[in-house]
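Report on one structure; see the data block that follows.
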2 protein chains.
Amino acid sequence: MTAHNHTEQIPSAEQLLLSRGVKPTPQRVVIAEYLLQTESHPTADEVLSAVAQALPVALSRATVYNTLNTLKEAGVIKEVLTEPGRVRYDANITHHHHFVDVKTGKIVDIPSDKVEAIGKLLGDQYKVHGFQVLFYGEVESG
Amino acid sequence: MTAHNHTEQIPSAEQLLLSRGVKPTPQRVVIAEYLLQTESHPTADEVLSAVAQALPVALSRATVYNTLNTLKEAGVIKEVLTEPGRVRYDANITHHHHFVDVKTGKIVDIPSDKVEAIGKLLGDQYKVHGFQVLFYGEVESG
DNA sequence: TCATGTATTTAGAATAAGTCTAAAGTAAGA
DNA sequence: TCTTACTTTAGACTTATTCTAAATACATGA
Ligand SMILES: [Mn+2]
Ligand SMILES: [Mn+2]
Ligand SMILES: [Zn+2]
Ligand SMILES: [Zn+2]
(Lines give C-alpha, C1' and ligand atoms only; values in the text may rest on other atoms or scores of the structure.)
(Ligands and ions follow the chains in the order given, each with its own letter.)
Protein backbone atom coordinates (compact mmCIF):
# COMPACT_ATOMS: atom_id res chain seq x y z
CA MET A 1 0.00 0.00 0.00
CA THR A 2 1.99 3.00 -1.23
CA ALA A 3 1.20 6.71 -1.18
CA HIS A 4 2.27 7.11 -4.81
CA ASN A 5 1.17 5.36 -7.96
CA HIS A 6 4.16 3.40 -9.09
CA THR A 7 4.32 2.57 -12.78
CA GLU A 8 2.96 -0.89 -13.55
CA GLN A 9 5.71 -3.38 -14.32
CA ILE A 10 3.38 -6.25 -15.14
CA PRO A 11 2.89 -6.51 -18.93
CA SER A 12 -0.68 -5.34 -19.46
CA ALA A 13 -3.40 -7.36 -21.15
CA GLU A 14 -3.61 -4.52 -23.65
CA GLN A 15 0.06 -4.89 -24.56
CA LEU A 16 -0.35 -8.64 -24.85
CA LEU A 17 -3.28 -8.32 -27.25
CA LEU A 18 -1.44 -5.74 -29.36
CA SER A 19 1.62 -7.97 -29.52
CA ARG A 20 -0.57 -10.77 -30.90
CA GLY A 21 -2.29 -8.57 -33.44
CA VAL A 22 -5.63 -8.42 -31.63
CA LYS A 23 -7.29 -5.03 -31.32
CA PRO A 24 -7.66 -4.35 -27.59
CA THR A 25 -11.29 -3.38 -27.25
CA PRO A 26 -12.62 -2.85 -23.70
CA GLN A 27 -14.50 -6.14 -23.82
CA ARG A 28 -11.46 -8.08 -25.00
CA VAL A 29 -9.22 -6.42 -22.43
CA VAL A 30 -11.40 -7.24 -19.43
CA ILE A 31 -11.83 -10.82 -20.60
CA ALA A 32 -8.09 -11.22 -21.11
CA GLU A 33 -7.37 -9.56 -17.75
CA TYR A 34 -9.76 -11.90 -16.03
CA LEU A 35 -8.18 -14.97 -17.60
CA LEU A 36 -4.66 -13.76 -16.84
CA GLN A 37 -5.29 -13.28 -13.13
CA THR A 38 -7.30 -16.44 -12.41
CA GLU A 39 -6.04 -19.97 -11.99
CA SER A 40 -9.47 -21.53 -12.13
CA HIS A 41 -9.71 -22.60 -15.81
CA PRO A 42 -13.18 -21.06 -16.21
CA THR A 43 -15.86 -21.90 -18.76
CA ALA A 44 -17.37 -19.29 -21.09
CA ASP A 45 -20.31 -18.87 -18.72
CA GLU A 46 -17.99 -18.36 -15.79
CA VAL A 47 -16.06 -15.74 -17.75
CA LEU A 48 -19.31 -13.99 -18.61
CA SER A 49 -20.61 -13.78 -15.05
CA ALA A 50 -17.21 -12.86 -13.62
CA VAL A 51 -16.57 -10.10 -16.13
CA ALA A 52 -20.07 -8.72 -16.70
CA GLN A 53 -20.05 -6.50 -13.60
CA ALA A 54 -16.48 -5.30 -14.28
CA LEU A 55 -17.64 -3.46 -17.41
CA PRO A 56 -19.69 -0.24 -17.40
CA VAL A 57 -21.57 -1.45 -20.46
CA ALA A 58 -23.36 -4.81 -20.72
CA LEU A 59 -21.37 -7.69 -22.13
CA SER A 60 -23.12 -10.15 -24.40
CA ARG A 61 -22.78 -13.87 -24.50
CA ALA A 62 -21.89 -13.69 -28.21
CA THR A 63 -18.99 -11.35 -27.47
CA VAL A 64 -17.64 -13.64 -24.80
CA TYR A 65 -17.61 -16.56 -27.22
CA ASN A 66 -16.25 -14.39 -30.05
CA THR A 67 -13.49 -13.10 -27.83
CA LEU A 68 -12.55 -16.50 -26.46
CA ASN A 69 -12.28 -17.84 -30.00
CA THR A 70 -10.29 -14.83 -31.13
CA LEU A 71 -7.88 -15.13 -28.21
CA LYS A 72 -7.51 -18.83 -28.83
CA GLU A 73 -6.72 -18.32 -32.51
CA ALA A 74 -4.24 -15.58 -31.61
CA GLY A 75 -2.47 -17.94 -29.19
CA VAL A 76 -3.27 -15.88 -26.11
CA ILE A 77 -5.27 -18.65 -24.42
CA LYS A 78 -5.79 -22.40 -24.72
CA GLU A 79 -8.80 -24.68 -24.45
CA VAL A 80 -8.81 -27.33 -21.75
CA LEU A 81 -11.10 -30.36 -22.06
CA THR A 82 -11.64 -32.20 -18.82
CA GLU A 83 -15.27 -33.26 -18.80
CA PRO A 84 -17.98 -33.82 -21.42
CA GLY A 85 -19.96 -30.82 -22.60
CA ARG A 86 -17.89 -27.94 -21.26
CA VAL A 87 -14.85 -26.19 -22.61
CA ARG A 88 -12.53 -24.45 -20.16
CA TYR A 89 -10.04 -21.69 -20.90
CA ASP A 90 -6.50 -21.17 -19.71
CA ALA A 91 -4.26 -18.11 -20.10
CA ASN A 92 -1.30 -20.23 -19.10
CA ILE A 93 -0.04 -21.08 -22.56
CA THR A 94 3.19 -22.70 -21.41
CA HIS A 95 3.36 -26.40 -22.09
CA HIS A 96 1.84 -27.85 -18.97
CA HIS A 97 -0.61 -30.44 -17.76
CA HIS A 98 -3.67 -30.61 -15.58
CA PHE A 99 -4.73 -32.40 -12.48
CA VAL A 100 -8.46 -32.68 -11.82
CA ASP A 101 -9.40 -32.99 -8.19
CA VAL A 102 -12.36 -35.35 -8.42
CA LYS A 103 -13.59 -34.25 -5.04
CA THR A 104 -13.72 -30.49 -5.63
CA GLY A 105 -13.66 -30.29 -9.41
CA LYS A 106 -10.72 -27.87 -9.24
CA ILE A 107 -8.21 -28.07 -12.05
CA VAL A 108 -4.63 -27.27 -11.13
CA ASP A 109 -1.63 -26.85 -13.39
CA ILE A 110 1.15 -29.38 -13.35
CA PRO A 111 4.40 -28.11 -14.87
CA SER A 112 5.83 -30.22 -17.65
CA ASP A 113 8.90 -31.32 -15.74
CA LYS A 114 6.79 -32.84 -12.97
CA VAL A 115 5.57 -35.45 -15.41
CA GLU A 116 8.92 -36.81 -16.53
CA ALA A 117 8.22 -40.01 -14.63
CA ILE A 118 4.59 -40.16 -15.54
CA GLY A 119 2.01 -41.36 -13.10
CA LYS A 120 4.74 -42.47 -10.74
CA LEU A 121 5.66 -39.58 -8.52
CA LEU A 122 3.79 -36.31 -8.51
CA GLY A 123 4.48 -35.50 -4.87
CA ASP A 124 2.36 -37.08 -2.18
CA GLN A 125 -0.10 -34.18 -1.96
CA TYR A 126 -1.56 -35.73 -5.10
CA LYS A 127 -3.41 -39.00 -5.04
CA VAL A 128 -3.46 -40.07 -8.68
CA HIS A 129 -6.51 -42.16 -9.55
CA GLY A 130 -5.59 -42.24 -13.19
CA PHE A 131 -4.20 -40.16 -15.97
CA GLN A 132 -4.54 -39.78 -19.67
CA VAL A 133 -1.98 -38.79 -22.24
CA LEU A 134 -3.46 -37.07 -25.27
CA PHE A 135 -1.18 -36.62 -28.23
CA TYR A 136 -1.73 -34.29 -31.16
CA GLY A 137 0.15 -34.84 -34.35
CA GLU A 138 0.20 -37.00 -37.43
CA VAL A 139 0.48 -40.75 -38.07
CA GLU A 140 1.61 -42.57 -41.17
CA SER A 141 -0.97 -44.34 -43.37
CA GLY A 142 -3.88 -45.41 -41.09
CA MET B 1 -28.80 -70.79 -41.99
CA THR B 2 -26.18 -73.51 -41.41
CA ALA B 3 -26.67 -77.18 -40.99
CA HIS B 4 -24.72 -77.22 -37.77
CA ASN B 5 -24.25 -74.57 -35.07
CA HIS B 6 -20.56 -74.39 -34.24
CA THR B 7 -19.80 -73.22 -30.70
CA GLU B 8 -18.53 -69.64 -30.50
CA GLN B 9 -14.99 -69.38 -29.13
CA ILE B 10 -14.81 -65.55 -29.03
CA PRO B 11 -16.12 -64.30 -25.67
CA SER B 12 -19.45 -62.89 -26.74
CA ALA B 13 -20.75 -59.42 -26.01
CA GLU B 14 -23.63 -61.17 -24.29
CA GLN B 15 -21.26 -62.98 -21.92
CA LEU B 16 -19.40 -59.75 -21.24
CA LEU B 17 -22.58 -57.89 -20.34
CA LEU B 18 -23.74 -60.73 -18.09
CA SER B 19 -20.37 -60.80 -16.35
CA ARG B 20 -20.76 -57.10 -15.58
CA GLY B 21 -24.30 -57.43 -14.34
CA VAL B 22 -25.94 -55.80 -17.35
CA LYS B 23 -28.98 -57.53 -18.82
CA PRO B 24 -28.09 -58.34 -22.42
CA THR B 25 -31.05 -56.98 -24.37
CA PRO B 26 -30.81 -57.08 -28.18
CA GLN B 27 -30.17 -53.33 -28.34
CA ARG B 28 -27.40 -53.48 -25.75
CA VAL B 29 -25.81 -56.48 -27.39
CA VAL B 30 -25.57 -54.95 -30.87
CA ILE B 31 -24.20 -51.71 -29.44
CA ALA B 32 -21.61 -53.58 -27.39
CA GLU B 33 -20.73 -55.79 -30.37
CA TYR B 34 -20.24 -52.74 -32.53
CA LEU B 35 -17.96 -51.06 -30.01
CA LEU B 36 -15.97 -54.24 -29.44
CA GLN B 37 -15.17 -54.76 -33.11
CA THR B 38 -14.33 -51.17 -34.09
CA GLU B 39 -11.18 -49.22 -33.40
CA SER B 40 -12.65 -45.89 -34.45
CA HIS B 41 -13.70 -44.40 -31.09
CA PRO B 42 -17.17 -43.47 -32.38
CA THR B 43 -19.55 -40.82 -31.06
CA ALA B 44 -23.10 -41.63 -29.96
CA ASP B 45 -24.40 -40.51 -33.37
CA GLU B 46 -21.90 -42.73 -35.14
CA VAL B 47 -22.96 -45.67 -32.98
CA LEU B 48 -26.59 -44.97 -33.79
CA SER B 49 -26.14 -44.83 -37.55
CA ALA B 50 -23.78 -47.82 -37.61
CA VAL B 51 -26.02 -50.02 -35.51
CA ALA B 52 -29.48 -48.90 -36.64
CA GLN B 53 -29.49 -51.08 -39.77
CA ALA B 54 -28.04 -54.07 -37.88
CA LEU B 55 -31.23 -54.40 -35.82
CA PRO B 56 -34.56 -55.74 -37.15
CA VAL B 57 -36.42 -53.24 -34.97
CA ALA B 58 -35.77 -49.49 -34.94
CA LEU B 59 -33.26 -48.21 -32.42
CA SER B 60 -33.94 -44.91 -30.71
CA ARG B 61 -31.48 -42.16 -29.88
CA ALA B 62 -32.53 -42.35 -26.23
CA THR B 63 -31.64 -46.03 -26.09
CA VAL B 64 -28.22 -45.40 -27.59
CA TYR B 65 -27.47 -42.80 -24.93
CA ASN B 66 -29.00 -44.93 -22.17
CA THR B 67 -26.95 -47.92 -23.26
CA LEU B 68 -23.69 -45.99 -23.58
CA ASN B 69 -24.19 -44.62 -20.08
CA THR B 70 -25.11 -48.04 -18.71
CA LEU B 71 -22.07 -49.65 -20.32
CA LYS B 72 -19.83 -46.88 -19.03
CA GLU B 73 -21.14 -47.24 -15.48
CA ALA B 74 -20.70 -51.01 -15.70
CA GLY B 75 -17.08 -50.55 -16.79
CA VAL B 76 -17.58 -52.13 -20.21
CA ILE B 77 -16.58 -48.99 -22.12
CA LYS B 78 -14.84 -45.65 -21.49
CA GLU B 79 -15.40 -42.10 -22.62
CA VAL B 80 -12.70 -40.38 -24.66
CA LEU B 81 -12.59 -36.56 -24.88
CA THR B 82 -10.50 -35.27 -27.73
CA GLU B 83 -12.34 -32.22 -29.08
CA PRO B 84 -14.97 -29.81 -27.77
CA GLY B 85 -18.60 -30.83 -28.02
CA ARG B 86 -18.32 -34.53 -28.76
CA VAL B 87 -17.88 -37.51 -26.53
CA ARG B 88 -16.31 -40.62 -28.03
CA TYR B 89 -16.57 -44.20 -26.79
CA ASP B 90 -13.96 -46.90 -26.48
CA ALA B 91 -14.42 -50.59 -25.68
CA ASN B 92 -10.70 -50.86 -25.03
CA ILE B 93 -10.79 -50.48 -21.27
CA THR B 94 -7.13 -51.28 -20.70
CA HIS B 95 -5.08 -48.36 -19.44
CA HIS B 96 -3.96 -46.77 -22.66
CA HIS B 97 -3.57 -43.41 -24.35
CA HIS B 98 -4.66 -41.78 -27.58
CA PHE B 99 -3.00 -40.18 -30.52
CA VAL B 100 -5.11 -37.81 -32.61
CA ASP B 101 -4.06 -37.53 -36.21
CA VAL B 102 -4.75 -33.85 -36.88
CA LYS B 103 -4.87 -34.49 -40.60
CA THR B 104 -7.45 -37.26 -40.67
CA GLY B 105 -9.08 -36.88 -37.26
CA LYS B 106 -8.47 -40.58 -36.58
CA ILE B 107 -7.81 -41.54 -33.00
CA VAL B 108 -5.45 -44.44 -32.46
CA ASP B 109 -4.62 -46.27 -29.27
CA ILE B 110 -1.17 -45.97 -27.76
CA PRO B 111 -0.35 -48.70 -25.25
CA SER B 112 0.73 -47.53 -21.83
CA ASP B 113 4.27 -48.80 -22.07
CA LYS B 114 4.91 -46.72 -25.19
CA VAL B 115 4.60 -43.58 -23.11
CA GLU B 116 7.20 -44.39 -20.48
CA ALA B 117 9.47 -41.70 -21.97
CA ILE B 118 6.70 -39.28 -22.65
CA GLY B 119 6.68 -37.15 -25.75
CA LYS B 120 10.19 -38.26 -26.56
CA LEU B 121 10.02 -41.43 -28.55
CA LEU B 122 6.81 -42.86 -29.87
CA GLY B 123 8.29 -44.48 -32.94
CA ASP B 124 8.90 -42.37 -36.00
CA GLN B 125 5.61 -43.20 -37.66
CA TYR B 126 4.21 -40.62 -35.24
CA LYS B 127 4.96 -36.94 -35.58
CA VAL B 128 4.03 -35.51 -32.19
CA HIS B 129 2.84 -31.93 -32.37
CA GLY B 130 1.97 -31.90 -28.71
CA PHE B 131 0.49 -33.99 -25.99
CA GLN B 132 -1.56 -33.51 -22.88
CA VAL B 133 -1.44 -35.40 -19.64
CA LEU B 134 -4.73 -35.40 -17.80
CA PHE B 135 -4.68 -36.67 -14.25
CA TYR B 136 -7.68 -37.74 -12.20
CA GLY B 137 -7.38 -37.93 -8.47
CA GLU B 138 -7.36 -35.79 -5.36
CA VAL B 139 -5.16 -32.92 -4.11
CA GLU B 140 -4.56 -31.72 -0.60
CA SER B 141 -6.11 -28.43 0.59
CA GLY B 142 -6.53 -26.09 -2.45
C1' DT C 1 -16.37 18.17 -40.05
C1' DC C 2 -18.55 14.85 -42.62
C1' DA C 3 -18.72 10.64 -45.29
C1' DT C 4 -17.76 6.33 -45.77
C1' DG C 5 -15.99 1.83 -44.95
C1' DT C 6 -14.57 -1.75 -41.78
C1' DA C 7 -14.46 -4.09 -37.47
C1' DT C 8 -16.95 -5.08 -33.31
C1' DT C 9 -20.75 -5.80 -30.41
C1' DT C 10 -25.34 -7.10 -29.58
C1' DA C 11 -29.96 -9.58 -28.90
C1' DG C 12 -32.03 -13.11 -30.07
C1' DA C 13 -32.75 -17.03 -33.35
C1' DA C 14 -30.83 -21.32 -34.65
C1' DT C 15 -28.20 -25.67 -34.01
C1' DA C 16 -26.56 -29.74 -31.90
C1' DA C 17 -25.41 -32.93 -28.10
C1' DG C 18 -27.46 -34.88 -24.54
C1' DT C 19 -31.22 -35.63 -20.94
C1' DC C 20 -35.88 -36.18 -19.40
C1' DT C 21 -40.75 -37.58 -19.51
C1' DA C 22 -44.48 -40.32 -19.91
C1' DA C 23 -46.31 -43.98 -22.29
C1' DA C 24 -45.90 -48.59 -24.26
C1' DG C 25 -43.47 -53.03 -24.55
C1' DT C 26 -41.05 -57.15 -22.39
C1' DA C 27 -39.82 -60.58 -19.31
C1' DA C 28 -40.20 -63.24 -15.19
C1' DG C 29 -42.20 -64.64 -10.82
C1' DA C 30 -46.14 -65.62 -7.77
C1' DT D 1 -53.05 -64.96 -15.21
C1' DC D 2 -51.71 -60.94 -12.61
C1' DT D 3 -48.22 -58.23 -10.99
C1' DT D 4 -44.09 -55.97 -10.90
C1' DA D 5 -39.82 -54.29 -12.44
C1' DC D 6 -37.06 -53.17 -16.24
C1' DT D 7 -36.40 -51.43 -20.92
C1' DT D 8 -37.39 -48.97 -24.99
C1' DT D 9 -39.44 -45.29 -27.44
C1' DA D 10 -40.86 -40.64 -29.53
C1' DG D 11 -40.62 -36.41 -28.81
C1' DA D 12 -40.16 -32.47 -25.63
C1' DC D 13 -36.69 -30.17 -23.14
C1' DT D 14 -32.15 -28.24 -21.68
C1' DT D 15 -27.69 -26.41 -22.35
C1' DA D 16 -23.52 -25.06 -24.72
C1' DT D 17 -22.27 -22.86 -28.65
C1' DT D 18 -22.80 -20.66 -33.23
C1' DC D 19 -25.15 -17.80 -36.47
C1' DT D 20 -27.67 -13.76 -38.24
C1' DA D 21 -28.74 -9.31 -39.04
C1' DA D 22 -28.92 -4.95 -37.14
C1' DA D 23 -26.69 -1.35 -34.36
C1' DT D 24 -22.16 0.82 -32.69
C1' DA D 25 -17.73 2.29 -32.76
C1' DC D 26 -13.57 3.48 -35.08
C1' DA D 27 -10.54 4.93 -38.57
C1' DT D 28 -9.37 7.39 -42.61
C1' DG D 29 -9.54 10.80 -45.97
C1' DA D 30 -12.02 14.51 -48.53
MN1 LIG E 1 -20.09 -22.98 -19.98
MN1 LIG F 1 -22.31 -37.30 -31.52
ZN1 LIG G 1 -3.69 -24.80 -16.99
ZN1 LIG H 1 -8.75 -46.11 -27.20
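Letters A, B, ... are given to chains in the order of the sequence lines, protein chains preceding strands, and every chain is numbered from 1. These figures come from a predicted structure and were not determined experimentally.
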**Request:** Using five pairs at either end of the helix from C:dT1-D:dA30 to C:dA30-D:dT1, determine the angle between the two local helix axes and round it to 10 degrees.
**Result:** 10°

**Asked** What pairs with B:I77 under side chain to side chain contact (heavy atoms under 4.5 Å, CB included), at least two apart in sequence or on another chain?
**Response** B:L35, B:L68, B:L71, B:K72, B:Y89, B:A91

**Message:** Please pick, from C:dA17, C:dT19, D:dT18, the nucleotide with the shortest atom-to-atom distance to any side-chain atom of A:Y65.
**Reply:** D:dT18

**Fill in**
Separation of C:dT15 atom P from B:R86 atom CZ, nearest Å, is 18 Å

**Message:** With rounding to the nearest 0.5 angstrom, report the CG to OG distance, A:L18 to A:S12.
**Reply:** 7.5 Å

**Complete:** Across all chains, not counting sequence neighbours, the side-chain hydrogen bond (donor to acceptor under 3.5 Å, both in side chains) partners of A:T63 are A:S60

**Whole-Å gap separating C1' (D:dT17) and CD (A:E46)** = 15 Å

**Asked** If you measure from CG on A:L81 to CG on B:L81, what distance do you get to the nearest 0.5 Å?
**Response** 6.5 Å

**Item:** B:S40: partners by side-chain hydrogen bond (donor to acceptor under 3.5 Å, both in side chains), with sequence neighbours left out
**Value:** B:T38

**Item:** Sub-4.0 Å heavy-atom contacts from residues 71-78 of chain B onto DNA chain C, ordered by number
**Value:** none

**Asked** With sequence neighbours left out, what residues match B:E39 under side chain to side chain contact (heavy atoms under 4.5 Å, CB included)?
**Response** none

**Message:** Below 4.0 angstrom, which residues in residues 30-42 of chain B have at least one non-hydrogen atom near DNA chain D?
**Reply:** none

**Worked check of side chain to side chain contact (heavy atoms under 4.5 Å, CB included) between A:I31 and A:V64** = CA-CA 8 Å; A:I31 290 172; A:V64 171; 4.3 Å; yes

**Asked** What is the distance from CD of A:E83 to P of D:dT15, rounded to the nearest Å?
**Response** 15 Å

**B:T94 side chain to B:N92 side chain, donor-acceptor N/O pair below 3.5 angstrom** = yes

**Prompt:** Roughly how far apart are A:Y65 OH and A:L48 CG, rounded to 0.5 Å?
**Reply:** 8.5 Å

**Asked** Tell me, for nucleotides 5-12 of chain D in 5' to 3' order, what letter each nucleotide earns: B for a base near a protein heavy atom under 4.0 Å, S for only sugar-phosphate near one, - for neither?
**Response** --SSBBBB

**Item:** Between D:dT14 (C1') and A:D45 (CG): distance, integer Å
**Value:** 13 Å

**Request:** Can you run down the ring-ring contact (aromatic ring centres under 6.0 Å, His included) pairs that involve residues 42-62 of chain A, sequence neighbours left out, and say none if there aren't any?
**Result:** none

**Prompt:** Please give, in whole Å, the distance from C:dT9 C1' to A:L48 CG?
**Reply:** 13 Å

**Message:** Going by ring-ring contact (aromatic ring centres under 6.0 Å, His included), name the pairs with one or both residues in residues 15-35 of chain B, residues two or more places apart or in two chains.
**Reply:** none

**Message:** Taking salt bridge (charged side-chain N to carboxylate O under 4.0 Å, His left out) as the cut-off, I'd like each qualifying pair that reaches into residues 12-36 of chain B, sequence neighbours left out, listed once.
**Reply:** none

**Message:** Checking A:D90 now: which residues fulfil side-chain hydrogen bond (donor to acceptor under 3.5 Å, both in side chains) with it, not counting sequence neighbours?
**Reply:** A:H41, A:H96, A:H98

